[in-house]
Amino acid sequence: MRIACFNINGIKARLGALTDWLDEAAPDVVLLQELKSVDEAVPREPFEERGYNVATHGQKGFNGVAILSKRPLEDVRHGLPGDAQDEQARWIEATVMGDRAAVRVCGLYLPNGNPAPGPKYDYKLAWMERLRVRAAEMLVNEEPVLMGGDYNVIPQDEDAARPEAWREDALALPQSRAAFRRVLNLGYTEAFRARVQGPGHYTFWDYQAGAWNRNDGIRIDHVLLSPQAADLMTGCGIDRDIRGRDKPSDHVPIWVEIDA
DNA sequence: ATGTCGTAACGTTTACGA
């Protein structure tokens, strides 16, 4: 089962680029971030005619997450628990039955947090603590769990082409990195780093200042696997070339292959 | 040129968030 994550930066603006990629990569499950659309305005036909079931958690103008799946989506939950006042659409989860195992898949769009310090950074750190609590809850069943999406965290300096440029940024501050590690330290495996070491691997290049042409990227889209899911991983990769196409998102897809 | 893009709105332009 191939599961991909893709921050598309606007479902309406990205529909053509997204369906082109779906036709080529043919993932079984896709976790989408930044729909920037309410549920009713998300086009379903382009996905359903390609065999995908669609679950969305949208919001007007900003944020918004979705799951596409060729297998049925069961027990869909919208929103990250832990704050009834939080109206931002950044979390969706569902169970997908594989041939050999059921996988709980969670799509997330973690808050950017800039400027830091400030209320937006406080919200980011609070959201990350809620993520840690939900991540811990899901380990209790000792079953495959996958949490993927735009974490808005540069885990280490090697994950940025110019780490010095991000030193004071909410994506790289020590508190952000520590909060990310607190989730890993529960027992989750970062899929990409379990298979690929070293610098030079990115999932985001800013639209500004020729970042793509200069390969001035950062690695902020991640897939975290519970121990039972990590046992089943047979591959992980970043679809880097997508960034060089017409009308690209500023992010590219990351995918994992799970023998489930 | 403080360098781009997508979305919303009292829209033909500005504000916001990234």
Side-chain angles (χ1 to χ4, degrees), chain A residues 5-21 30-44 46 56-66 80 86-92 107-128 131 148-155 159-173 175-177 179-180 202-222 239-254:
Chain A
C5 312
F6 194 178
N7 180 323
I8 53 174
N9 190 19
I11 185 77
K12 303 180 195 89
R14 209 67 58 216
L15 195 55
L18 175 57
T19 53
D20 285 350
W21 169 76
V30 188
L31 308 174
L32 297 175
Q33 298 86 45
E34 281 209 270
L35 302 178
K36 296 187 175 182
S37 173
V38 293
D39 292 330
E40 308 77 59
V42 175
R44 303 177 76 92
T56 65
H57 183 39
Q59 179 183 346
K60 184 191 261 187
F62 307 105
N63 307 321
V65 289
L80 182 63
D86 185 4
E87 297 190 340
Q88 300 195 29
R90 297 178 173 277
W91 178 270
I92 187 170
L108 66 101
Y109 176 46
L110 204 148
N112 175 295
N114 281 302
K120 291 189 176 181
Y121 194 57
D122 295 340
Y123 175 68
K124 176 177 193 154
L125 293 177
W127 202 96
M128 294 184 82
L131 170 63
D150 179 356
Y151 279 75
N152 268 316
V153 173
I154 303 168
D159 298 309
R162 294 187 304 126
E164 69 283 357
W166 299 91
R167 204 73 72 193
E168 311 293 324
D169 193 281
L171 277 59
L173 283 172
Q175 279 181 285
S176 305
R177 290 177 169 179
F180 183 68
Y202 312 127
T203 64
F204 170 92
W205 295 259
D206 199 285
Y207 288 123
Q208 296 192 67
W212 168 247
N213 290 326
R214 294 168 21 224
N215 195 25
D216 180 12
I218 53 177
R219 196 174 69 89
I220 56 174
D221 298 87
H222 310 298
D239 286 349
R240 183 182 189 281
D241 294 348
I242 296 291
R243 186 63 178 80
R245 297 186 175 179
D246 287 340
K247 297 260 295 173
S249 171
D250 40 7
H251 296 251
V252 297
I254 174 175

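Each chain gets a letter, A, B and so on, in the order the sequences are listed, and its residues count up from 1. Because the structure is a prediction, the values reported are computed rather than measured. We use all heavy atoms of the structure for the numbers below, so side chains are in, but hydrogens, waters and symmetry mates are not.
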A.B. asks: Rounded to the Å, how far apart are A/Lys12 NZ and B/dG6 C1'?
C.D. replies: 9 Å

A.B. asks: Roughly how many Å is it from CG in A/Leu35 to C1' in B/dG17, rounded to a whole number?
C.D. replies: 16 Å

A.B. asks: For A/Asp250 and B/dG17, give me the distance from atom CG to atom P, rounded to whole Å.
C.D. replies: 17 Å

A.B. asks: Out of B/dG6, B/dG17, B/dT4, which has the shortest distance to the side chain of A/Ala13?
C.D. replies: B/dG6

A.B. asks: When the C1' atoms of B/dT2 and B/dT7 are considered, how many whole Å apart are they?
C.D. replies: 23 Å

A.B. asks: Are A/Tyr123 and A/Asp86 close enough that a side-chain donor and a side-chain acceptor fall under 3.5 Å?
C.D. replies: yes

A.B. asks: Using the C1' atom as the reference point in each nucleotide, state the distance between B/dG3 and B/dA8 in Å, no decimals.
C.D. replies: 24 Å

A.B. asks: Taking atom C1' of B/dG17 as reference, at what distance in whole Å does atom CD1 of A/Ile220 sit?
C.D. replies: 14 Å

A.B. asks: Between B/dA1 and B/dG6, how far apart are the two P atoms, rounded to whole Å?
C.D. replies: 25 Å

A.B. asks: What's the verdict on side chain to side chain contact (heavy atoms under 4.5 Å, CB included) for A/Trp21 and A/Val30, showing C-alpha distance, side-chain angles and the deciding distance?
C.D. replies: CA-CA 11 Å; A/Trp21 169 76; A/Val30 188; 3.9 Å; yes

A.B. asks: Nearest whole angstrom, please: distance from the C1' of B/dA18 to the CZ of A/Arg90.
C.D. replies: 10 Å

A.B. asks: Output the rounded distance in Å from CZ (A/Arg14) to P (B/dA18).
C.D. replies: 16 Å

A.B. asks: Using only atom types and a distance under 3.5 Å, with no angle test, would you say the side chain of A/Lys60 pairs donor to acceptor with the backbone of A/Val38?
C.D. replies: no

A.B. asks: Does a nitrogen or oxygen in the side chain of A/Lys60 sit under 4.0 Å from OP1 or OP2 of B/dA9?
C.D. replies: yes

A.B. asks: Could you pick out which residue, A/Gly113 or A/Gly210, lies toward the 5' side of DNA chain B when each is mapped onto its nearest nucleotide?
C.D. replies: A/Gly210

A.B. asks: How close or far is atom P of B/dG6 from atom OH of A/Tyr109, stated in whole angstroms?
C.D. replies: 14 Å

A.B. asks: Using the C1' atom as the reference point in each nucleotide, state the distance between B/dC10 and B/dC5 in Å, no decimals.
C.D. replies: 24 Å

A.B. asks: Would you mind reading off the distance between A/Asn114 atom CG and B/dC16 atom C1', rounded to a whole angstrom?
C.D. replies: 14 Å

A.B. asks: Closest-nucleotide mapping onto DNA chain B: is A/Arg214 or A/Asn152 further toward the 5' terminus? I mean the 5' end.
C.D. replies: A/Arg214

A.B. asks: Which heavy atom of A/Ser37 sits nearest to which heavy atom of A/Ile11, and what is that distance?
C.D. replies: CB-CG2, 3.7 Å

A.B. asks: Measure from the side chain of A/Glu34, starting at C-beta and using heavy atoms only, and say which of B/dG6, B/dG3, B/dA18 lies closest.
C.D. replies: B/dA18

A.B. asks: Using the side chain to side chain contact (heavy atoms under 4.5 Å, CB included) rule, take A/Asn9 and A/Tyr207 through it: C-alpha gap first, then chi angles, then the decisive distance, then the call.
C.D. replies: CA-CA 12 Å; A/Asn9 190 19; A/Tyr207 288 123; 3.2 Å; yes

A.B. asks: Give one of base, sugar-phosphate or nothing for A/Ala209, where a contact means two heavy atoms less than 4.0 Å apart.
C.D. replies: base

A.B. asks: Tell me whether the side-chain N/O atoms of A/Lys36 come closer than 4.0 Å to OP1 or OP2 in B/dG17.
C.D. replies: no

